[in-house]
Enquirer: 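Here you go, one structure.
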Amino acid sequence: MTGPAVVTTRAELAALLEPHRRAGARIGFVPTMGALHEGHASLLRVAREQVAGGPVVASVFVNPTQFGEAADLERYPRTLEADLEVCAREGVAVVFAPEVAEMYPHGTGDDTVMVRPGPLAKVLEGRTRKGHYRGVLTVVAKLFGLVRPDVAVFGQKDYQQLVMIRRMVEDLCLGVEVVGAETVREPDGLALSSRNVHLDEEQRRQATALSRTLYAAVESAPYGPGPALDAARAVLRESDGVDLDYLEITTPDLGPLPEDPPPGYEARILIAARVGTTRLIDNLPLILGAPRA
Ligand code: PAF
């Protein structure tokens with residue numbers, strides 16, 4: 001198993017990708033903050049499928065501008081050696097693992113140009129995580145500029161992030177195809193997340209309430225959004241240890257639902273909750289007002 005080439009500077013990255021670009025290869029990209037788990041591995045596999053023999057680039061960069069609290073940034077796991085093993089297993093060609101100064105040569109404060117994330121930064125996650133999406137979209141735009149991928153893969157697990165990145169690509173004419181890969185789950189339904197390691201045994205059991213809540217809504221969605229939310233809330237009432245932040249049904253673009261969605265209307269249900277001190281998010285698509293096949 002040959003491992004990926006690991007580079008830390010813009011110049012090295014450009015030099016490595018240049019021959020692929022000249023040969024007309026399709027370049028795939030999976031941006032990450034490291035601490036790679038099976039969910040990330042699945043993104044890398046989707047990227048490989050997308051490029052049909054072209055190189056897949058993964059970035060490993062803990063982006064300071066998307067963290068609210070300095071303590072969270074410090075605490076974020078850094079596991080580059082293990083991450084490189086995952087990348088080698090998944091056939092990644094290049095890992096870009098820059099230092100902060102390489103990504104933010106003008107610093108991370110007011111001297112640097114940042115992306116204004118638009119109205120979606122104020123809903124759902126954005127209500128409690130001020131400035132988060134400004135940081136996410138800024139670093140993704142920079143990484144797109146450096147890697148210049150044909151296709152980039154993001155997980156549906158961070159659904160709001162995926163929708164906002166699509167919107168940025170459209171509004172800023174970035175010319176990158178964005179693919180949303182399905183959430184990978186534990187056998188009991190818990191969505192894989194780097195944060196799951198913070199759950200103790202009891203909290204790990206309690207955390208399954210999030211996916212059970214969503215699946216209950218999916219089951220009742222044929223009866224409309226009201227019954228879907230009622231079914232979801234019933235699961236939450238019976239669950240201990242889950243401190244709900246939000247449970248909402250939206251359009252696939254995270255807008256408000258139409259007043260009377262027609263049968264077969266495809267919507268999204270999203271949940272965020274704290275289990276102990278760990279904040280977890282999850283979401284699923286659901287079809288409103290249509291009998292389930
Ligand atoms: O989803 C993540 O891991 C991060 O938000 C991303 C997209 C790599 C940007 O730092």
Side-chain angles (χ1 to χ4, degrees), residues 8 13 28-44 46-47 56-69 72-80 82-84 86-87 90 92 94-104 108 112 114-115 117 120-121 124-126 128-147 149 151-169 172 174 176-184 191-198 254 270 272 278-283:
T8 58
L13 179 67
F29 180 41
V30 180
T32 82
M33 297 208 297
L36 302 187
H37 51 64
E38 185 47 36
H40 296 104
S42 81
L43 303 184
L44 296 168
V46 171
V56 169
V57 180
S59 60
V60 175
F61 178 63
V62 183
N63 172 37
T65 64
Q66 71 187 75
F67 285 83
E69 314 244 332
D72 284 346
L73 174 61
E74 290 308 310
R75 218 180 309 136
Y76 202 86
R78 274 113 170 137
T79 58
L80 187 60
D83 295 343
L84 294 180
V86 175
C87 289
E90 300 304 336
V92 170
V94 180
V95 171
F96 179 49
E99 294 293 330
V100 172
E102 190 70 15
M103 288 304 292
Y104 291 96
T108 54
T112 202
M114 305 277 290
V115 172
L120 287 181
L124 301 163
E125 288 300 287
T128 47
R129 305 182 72 190
K130 300 269 176 278
H132 173 67
Y133 288 111
R134 183 172 182 259
V136 170
L137 294 193
T138 297
V139 81
V140 170
K142 282 167 167 280
L143 290 166
F144 280 2
L146 293 171
V147 177
V151 58
V153 183
F154 295 85
Q156 292 181 17
K157 158 79 176 24
D158 286 335
Y159 188 72
Q160 187 171 3
Q161 169 173 285
L162 171 65
V163 170
M164 292 183 67
I165 288 168
R166 284 206 168 112
R167 179 68 190 269
M168 172 177 75
V169 166
L172 300 185
L174 298 183
V176 176
E177 186 186 334
V178 174
V179 171
E182 289 227 358
T183 301
V184 180
L192 294 198
S193 163
S194 320
R195 295 181 180 203
N196 293 353
V197 296
H198 301 306
L254 301 177
L270 303 99
T278 308
R279 194 163 180 287
L280 300 173
I281 57 173
D282 200 354
N283 68 86

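First listed ligand is number 1; within each ligand, the first listed atom is number 1.
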Enquirer: Can you sort out which atoms of ligand 1 are near Pro31, meaning under 4.0 Å from one of its heavy atoms?
Expert: 8 (C)

Enquirer: In sequence, state the C-alpha distance, the side-chain angles, and the governing distance for Leu137 and Arg167, and then conclude on side chain to side chain contact (heavy atoms under 4.5 Å, CB included).
Expert: CA-CA 10 Å; Leu137 294 193; Arg167 179 68 190 269; over 6 Å; no

Enquirer: Provide the number and element of each atom of ligand 1 under 4.0 Å from a heavy atom of Gln66.
Expert: 4 (C), 5 (O), 9 (C), 10 (O)

Enquirer: Polar contacts were defined as any N/O atom of the residue lying under 3.5 Å from an N/O atom of the ligand; does this apply to Thr32 and ligand 1?
Expert: no

Enquirer: Does Asn63 reach ligand 1 with a nitrogen or oxygen that is under 3.5 Å from one of the ligand's nitrogen or oxygen atoms?
Expert: no

Enquirer: What residues, two or more places apart in sequence or in another chain, satisfy salt bridge (charged side-chain N to carboxylate O under 4.0 Å, His left out) together with Arg166?
Expert: none

Enquirer: Considering residues at least two apart in sequence or located in another chain, which fulfil the salt bridge (charged side-chain N to carboxylate O under 4.0 Å, His left out) criterion with Asp282?
Expert: Arg185

Enquirer: Under 6.0 Å from the CZ atom of Arg279, do we count more than 12 heavy atoms belonging to anything else shown?
Expert: yes

Enquirer: Against heavy atoms of Val139, which atoms of ligand 1 measure under 4.0 Å?
Expert: 9 (C), 10 (O)

Enquirer: Using the rule side-chain contact (heavy atoms from CB on, under 4.5 Å), only one of Val147, Thr8, Leu143, Val95 pairs with Leu13; which is it?
Expert: Val147

Enquirer: List ligand 1 atoms under 4.0 Å from Gln161, heavy atoms only on the residue side.
Expert: 1 (O), 2 (C), 4 (C), 5 (O), 7 (C)

